[in-house]
Protein chains: 2
Amino acid sequence: MAEEGTLARVGHTDVRDPIGEGHPTCRLRDVLDRVGDKWSVLVMNLLGDGPKRYSELRRSIEGISQRMLTLTLRSLERDGLVERTVTPTSPPRVDYALTPVGQTLSVQVSGLIAWAEEHRPYVATARARYDDGSANVSEIRPGQ
Amino acid sequence: MAEEGTLARVGHTDVRDPIGEGHPTCRLRDVLDRVGDKWSVLVMNLLGDGPKRYSELRRSIEGISQRMLTLTLRSLERDGLVERTVTPTSPPRVDYALTPVGQTLSVQVSGLIAWAEEHRPYVATARARYDDGSANVSEIRPGQ
DNA sequence: CTGTATCCTTATTGATACTG
DNA sequence: CAGTATCAATAAGGATACAG
């Protein structure tokens, strides 16, 4: 799925699955791709607090480009996870909100985020330990 | 983070955060990257059923290359999420298992997967509807 | 069996400029 | 304000060959 000449969709495999019919891997791939791109979860999480305008999202996320915000939003909209509401006023106004189903996903996402916050110190320590002791071999349990 | 000349680590930002100190975005990025790569979650999920050998994982995942399996496993090990046990027998044997903390993550992952399975039909429908009606403009609520 | 090293292709993201 | 179009850079992933 390359950029076909215009704003392309964010990641996400198509509805047809690439490997085989009911292969368990494929079922999973769907969500993982949905949650796996760089911005979707961040956007979903923000929208979890309530509807927001395009510009609000843009400011809140900080590192995101217009391109990626639009791409992410479109993709979420396509999957029925967020709803886009255009108010064609003088400077146009567009609001985004989680759909009911989108909210159920955002609950899962929150769980993930909670896990992250709780275990970040552990992971940081583990990484330091790993990166440190990568040279010596004493972790293969010498006396066994 | 490019491939530095050898098997490089899978995704994952470093411990230092790239934007700013306590920026909320960065906290999240940690997990999202962990869960966001193509194979980590699949591996964690398999290991959720109990320890498995390298070759078992390889067969179970189907589309994965040796390279990516090793990369993923190393990365998970580095973060203290899986434990690697080498048995230096004649044909070497290596087992991988979730650590206690790894199991807590796998619980979150399961939630995500459950969500996926439950809402896949909805998402598929939403996509079809979106892709279909992309041409006409009647969704901007003409009568408002 | 369990990896590692390379090379190569493609996917993803960012920067920038421009439009209704 | 809320996008879209292009182009360029990078990162991720796969294929293949080789090694302990």
Side-chain angles (χ1 to χ4, degrees), chain A residues 1-14 18-19 25 29 32-40 42-43 52-59 61-75 77 82 84-96 134 137 140, chain B residues 1-14 18-19 25 29 32-40 42-43 52-59 61-75 77 82 84-96 134 137 140:
Chain A
M1 189 185 294
E3 314 233 345
E4 298 164 348
T6 73
L7 279 182
R9 309 191 201 297
V10 167
H12 317 312
T13 47
D14 206 307
I19 304 182
T25 297
R29 185 70 61 205
L32 304 185
D33 284 352
R34 175 21 83 233
V35 124
D37 72 275
K38 202 173 176 185
W39 306 107
S40 290
L42 256 18
V43 169
K52 299 216 174 344
R53 303 183 52 164
Y54 183 87
S55 50
E56 291 184 271
L57 290 170
R58 212 184 145 195
R59 276 194 305 276
I61 298 188
E62 192 84 23
I64 200 169
S65 63
Q66 259 183 327
R67 180 184 139 83
M68 288 317 294
L69 180 53
T70 300
L71 242 32
T72 302
L73 253 9
R74 288 281 179 286
S75 183
E77 187 194 1
V82 315
R84 178 170 177 268
T85 309
V86 180
T87 311
T89 52
S90 189
R93 172 196 178 111
V94 182
D95 290 272
Y96 292 90
S134 282
V137 207
I140 345 176
Chain B
M1 189 185 293
E3 317 232 341
E4 297 164 348
T6 71
L7 280 183
R9 309 190 201 298
V10 168
H12 318 311
T13 49
D14 205 307
I19 304 182
T25 297
R29 186 71 61 208
L32 304 185
D33 284 352
R34 177 20 84 235
V35 125
D37 71 274
K38 202 172 176 183
W39 306 109
S40 290
L42 257 15
V43 170
K52 298 217 173 346
R53 301 184 53 167
Y54 183 87
S55 50
E56 291 184 273
L57 290 171
R58 214 186 142 190
R59 277 194 305 276
I61 299 188
E62 192 84 23
I64 199 168
S65 62
Q66 261 183 324
R67 177 186 141 84
M68 289 317 294
L69 180 53
T70 300
L71 242 32
T72 302
L73 253 9
R74 287 283 179 283
S75 184
E77 187 194 1
V82 316
R84 178 171 177 268
T85 308
V86 180
T87 310
T89 52
S90 190
R93 173 197 177 110
V94 182
D95 289 272
Y96 291 90
S134 282
V137 206
I140 345 176

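Residue numbers start from 1 in every chain, and the chains themselves are labelled A, B, ... in the order their sequence lines are given, proteins ahead of strands.
For dT4(D), the OP1/OP2 oxygens have no side-chain nitrogen or oxygen of Y54(A) closer than 4.0 Å. Put simply, K38(A) has a side-chain N or O that comes within less than 4.0 Å of OP1 or OP2 on dG14(C). Proximity of R84(A) to the phosphate of dG3(D): a side-chain N or O atom is located under 4.0 Å from OP1 or OP2. Within the structure, a side-chain polar atom (N or O) of R74(B) is placed less than 4.0 Å from OP1 or OP2 of dT4(C). Regarding contacts with the backbone of dC1(D), every side-chain N or O of S90(A) stays at 4.0 angstrom or more from both OP1 and OP2. Residue T70(A) places no side-chain N or O under 4.0 Å from the OP1 or OP2 atom of dG3(D).
Between E62(B) atom CD and dG13(D) atom C1' there is a gap of 17 Å when expressed in whole angstrom units. Summarising the geometry, the separation between CZ on R53(B) and P on dC1(C) is reported as 8 Å, rounded to the nearest angstrom. For the pair L71(A) CG and dG3(D) P, the computed distance is 12 Å after rounding to whole Å. Distance CG (D37(A)) to P (dG14(C)): 11 Å, rounded to an integer number of Å. As a whole-Å value, the separation of L57(A) CG from dC1(D) C1' is 13 Å. The CD-P distance, from Q66(B) to dT16(D), rounds to 13 Å in whole Å. Atoms NZ (K52(B)) and C1' (dC1(C)) sit 18 Å apart, rounded to a whole Å. In this structure, L42(A) places its CG atom 12 Å from P of dT13(C), rounding to the nearest Å.
Across all strands shown, R58(A) has no heavy atoms under 4.0 Å from either base or sugar-phosphate atoms.
No donor-acceptor pair under 3.5 Å is formed between the side chain of R58(B) and the backbone N or O of R53(B). Looking only at distances, no side-chain donor or acceptor of R93(A) sits under 3.5 Å from a matching main-chain atom of Y54(A). Listed for the R34(A) side chain is a donor-acceptor partner under 3.5 Å among the backbone atoms of S75(A).
Side-chain atoms of K38(A) and I64(A), non-hydrogen and from C-beta on, never get closer than 4.5 Å to each other. Contact of the Y96(A) side chain with the V43(A) side chain is not registered, since no non-hydrogen atoms from C-beta on lie closer than 4.5 Å.
When each of M68(A) and P92(A) is assigned the nucleotide of DNA chain C with its nearest heavy atom, M68(A) is the one assigned upstream, toward the 5' end.
Residue-to-nucleotide contacts include no donor-acceptor pair under 3.5 Å from the side chain of R67(A) to the base of dG3(D).
Across dA2(D), dT2(C), dG14(C), the shortest atom-to-atom separation from the side chain of W39(A) is found for dG14(C).
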